[in-house]
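Read through the structure below, which is laid out as structure tokens, and then see the notes.
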Amino acid sequence: MKITAIRFAKLKVPLVTPFKTALREVSYIEDLVVLIETDKGEIGYGAAASTPVITGDTHQSILSVIKQFIAPKLIGMEIENLNQICQVIQSSVVANYSAKAALELAVYDLWGKLYQAPLYKLLGGGSQTLRTDITISVDNIDKMLSDCAVAVVQGFDILKVKIGNDLQQDIERVKAIYQGFGQQTQIRLDVNQGWNAKQTVFALQQLESHNVELELVEQPVKSDDFKGLKYITERVNTPIMADESAFSPKQVIQLLEQNAVDIINIKVMKTGGLSRAIEIANITAQYQADCMIGCMLEGSIAVAGAAHLASAKAQQISKIDLDGPALGQYDPVQGGVEFNGPAITLSDGPGLGIKSIDTLQPINDGIWPL
């Protein structure tokens, strides 16, 4: 099965409620979709979100990088040579992780189609069902409590609470949410780099003194503040997880060697694709460190790839944060992974299992070769 062309399209889905963090506010899931065509008539699907404040990537930069620097090298390559293709993708340009991730997702999808097997089985096998948390956006306390109540009614028993824009208010938010829902749900905090190290220790010691039991706290400090993460981890009981600090295998090794964090959040858009995500999962196994699989605000194409990885690497990845598709008003992807409240069900179809995608908006000049 040989790569013959690469096309692009856009996919836009309105959110049920705006997605608010300490870094940004978003009202739509907007993906750049990559479609890799082959000489056997099969199409591989990949996608990437625009996350300039996290990865530095925008849809325009993703499109340009693929067309100029990566696509010309992929045309004519055989899908059976998966590792070689991934090496070409990774070595064609530095950084640009979302562009690499979208391409790798489409290639892995085709790899599954080549061997007529769902991706999670080719990656080692695992459960066909997963269970995700749901994100509670940062807002006033009453709105956050209301969102928590809706999530519980929908069946979610793990809440990922976004905070980080006002320290004292953040503490009050968490205390109120824990008082209202702490007995029936697990609560994760995501600070999105909104605090510094001393603020984090103060906040968590305050919460711990009020018997607030959190499953974890994600990325409380700036992404390059490894010393700050270590300072926090040494002074609080609550597990600390790295997200924006953990893009590459090298960064993960540094964090774990320094005992700077307890948990690593793997995101395909950060790692630059499934190949590096698998590498990071294997690294954490050597350090006996726990992992979460997460996502940006992506639709079900990209999140499907992460879900297949989570199933196959369940011994390393015990925490699932793949609620992106559940935040949308509808899912335009037919086949593939099914997202039903907290329940994620993997398809037995080959690759990612995607059959078709509704409301795709083709980018007319987005085909290689032109």
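All values reported here derive from a predicted model rather than from experimental measurement. For the numbers below, each heavy atom of this structure counts, side chains included, while hydrogens, waters and symmetry mates do not.
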Side-chain H-bond candidate by donor/acceptor type, [X] with [Y], under 3.5 Å:
X: Lys313; Y: Asn282; value: yes
X: Ser275; Y: Glu104; value: yes
X: Gln186; Y: Asp157; value: no
X: Ser209; Y: Gln205; value: no

Taking it one step at a time, do Lys267 and Phe247 satisfy side-chain contact (heavy atoms from CB on, under 4.5 Å)? CA-CA 8 Å; Lys267 292 179 179 175; Phe247 273 64; over 6 Å; no
Stepwise side-chain contact (heavy atoms from CB on, under 4.5 Å) check, Ser92 with Ile70: CA-CA 6 Å; Ser92 292; Ile70 310 179; 3.9 Å; yes
Given 3.5 Å as the limit, does a donor-acceptor pair link the side chain of [X] with the main chain of [Y], or not?
X: His308; Y: Lys121; result: no
X: Ser64; Y: Gln60; result: yes
X: Thr135; Y: Ser137; result: no
X: Gln329; Y: Leu15; result: yes
X: Gln286; Y: Ile283; result: no
X: Thr238; Y: Leu214; result: no
X: Gln219; Y: Ser245; result: yes
X: Asp109; Y: Leu352; result: yes
X: Asn340; Y: Ala343; result: no
X: Gln251; Y: Ser248; result: yes

Provide the closest heavy-atom pair for [X] versus [Y] in the form atom of the first, atom of the second, distance.
X: Ala260; Y: Thr233; value: O-OG1, 2.6 Å
X: Leu82; Y: Tyr108; value: CD2-CE2, 3.6 Å
X: Asp170; Y: Gly164; value: OD2-N, 2.9 Å
X: Cys148; Y: Ile177; value: SG-CG2, 3.9 Å
X: Leu309; Y: Leu123; value: CA-CD1, 4.3 Å
X: Ala48; Y: His59; value: O-NE2, 3.3 Å

So do the side chains of [X] and [Y] get within less than 4.5 Å of each other, counting heavy atoms only?
X: Phe339; Y: Thr132; result: no
X: Ile89; Y: Gln84; result: no
X: Asp358; Y: Gln334; result: yes
X: Thr17; Y: Lys143; result: yes
X: Ile66; Y: Ile62; result: yes
X: Val191; Y: Val221; result: no

Are any of the side-chain nitrogens in Lys222 or Asp225 under 4.0 Å away from the carboxylate oxygens of its partner?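 Judged by the 4.0 Å cut-off on N to carboxylate O distance, Lys222 and Asp225 do not form a salt bridge.
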Any ion pair linking Glu30 and Lys10 (charged N to carboxylate O, less than 4.0 Å)?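 Salt bridge absent between Lys10 and Glu30.
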Mind checking the [atom1]-[atom2] spacing from [X] to [Y]? Nearest 0.5 Å is all I need.
X: Ile136; Y: Leu159; atom1: CD1; atom2: CG; result: 5.0 Å
X: Leu11; Y: Ile29; atom1: CG; atom2: CD1; result: 8.5 Å
X: Arg24; Y: Met296; atom1: CZ; atom2: CE; result: 7.5 Å
X: Ser347; Y: Lys355; atom1: OG; atom2: NZ; result: 7.0 Å
X: Asn259; Y: Ile240; atom1: CG; atom2: CD1; result: 13.5 Å
X: Leu119; Y: Leu274; atom1: CG; atom2: CG; result: 6.5 Å

Starting from the C-alpha separation in whole Å, work towards a yes-or-no answer on side-chain hydrogen bond (donor to acceptor under 3.5 Å, both in side chains) for Tyr287 and Glu257. CA-CA 8 Å; Tyr287 287 88; Glu257 280 286 336; 2.6 Å; yes
Among Glu244, Glu218, Lys319, exactly one meets side chain to side chain donor-acceptor pair (under 3.5 Å) together with Asn265. Which residue is that?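 That would be Glu218.
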With side chain to side chain donor-acceptor pair (under 3.5 Å) as the test, pick out the partner of Lys160 among Asp133, Asp323, Asp321.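 Answer to the side chain to side chain donor-acceptor pair (under 3.5 Å) test with Lys160 among Asp133, Asp323, Asp321: Asp321.
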Within a 6.0 Å radius of atom [atom1] on [X], are there more than 12 heavy atoms belonging to other residues, nucleotides or ligands?
X: Glu213; atom1: CD; answer: no
X: Tyr28; atom1: OH; answer: no
X: Gln116; atom1: CD; answer: yes
X: Gln315; atom1: CD; answer: no
X: Gln288; atom1: CD; answer: no
X: Gln179; atom1: CD; answer: no
X: Tyr330; atom1: OH; answer: yes

Quick one, Asn192 with Lys162, criterion side-chain hydrogen bond (donor to acceptor under 3.5 Å, both in side chains). Give me CA distance, side-chain angles, the key distance, then yes/no. CA-CA 8 Å; Asn192 283 118; Lys162 296 284 189 177; 3.1 Å; yes
Please determine whether side-chain hydrogen bond (donor to acceptor under 3.5 Å, both in side chains) holds for the pair Asp331 and Ser300, giving the CA-CA distance in whole Å, both sets of side-chain angles, and the decisive distance to 0.1 Å. CA-CA 7 Å; Asp331 186 358; Ser300 63; 2.9 Å; yes
Under the ring pair (Phe, Tyr, Trp, His ring centres under 6.0 Å) test, which residues partner Phe19, sequence neighbours left out?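 Not a single residue meets the ring pair (Phe, Tyr, Trp, His ring centres under 6.0 Å) criterion with Phe19.
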Quick one, Val303 with Ile344, criterion side-chain contact (heavy atoms from CB on, under 4.5 Å). Give me CA distance, side-chain angles, the key distance, then yes/no. CA-CA 10 Å; Val303 177; Ile344 299 175; 5.7 Å; no
For a salt bridge (charged side-chain N to carboxylate O under 4.0 Å, His left out) with Glu37, tell me which candidate from Arg7, Lys2, Lys113 qualifies.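 Exactly one option meets the salt bridge (charged side-chain N to carboxylate O under 4.0 Å, His left out) with Glu37, and it is Arg7.
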Could you walk me through whether Asp348 and Gln128 pass side-chain contact (heavy atoms from CB on, under 4.5 Å), step by step? CA-CA 8 Å; Asp348 262 336; Gln128 202 170 349; 3.5 Å; yes
Same cluster or not: are Val138 and Leu207 linked, directly or through other Ile, Leu, Val, Met, Phe, Trp or Tyr residues, by side-chain heavy atoms under 4.5 angstrom apart?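 Looking at the clustering, Leu207 is in a separate group from Val138.
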Does Tyr97 have Lys270 sitting over its ring (NZ/CZ under 6.0 Å from centre, angle to axis within 45°)?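 Geometry flag: not set, cation outside 6.0 Å or 45°.
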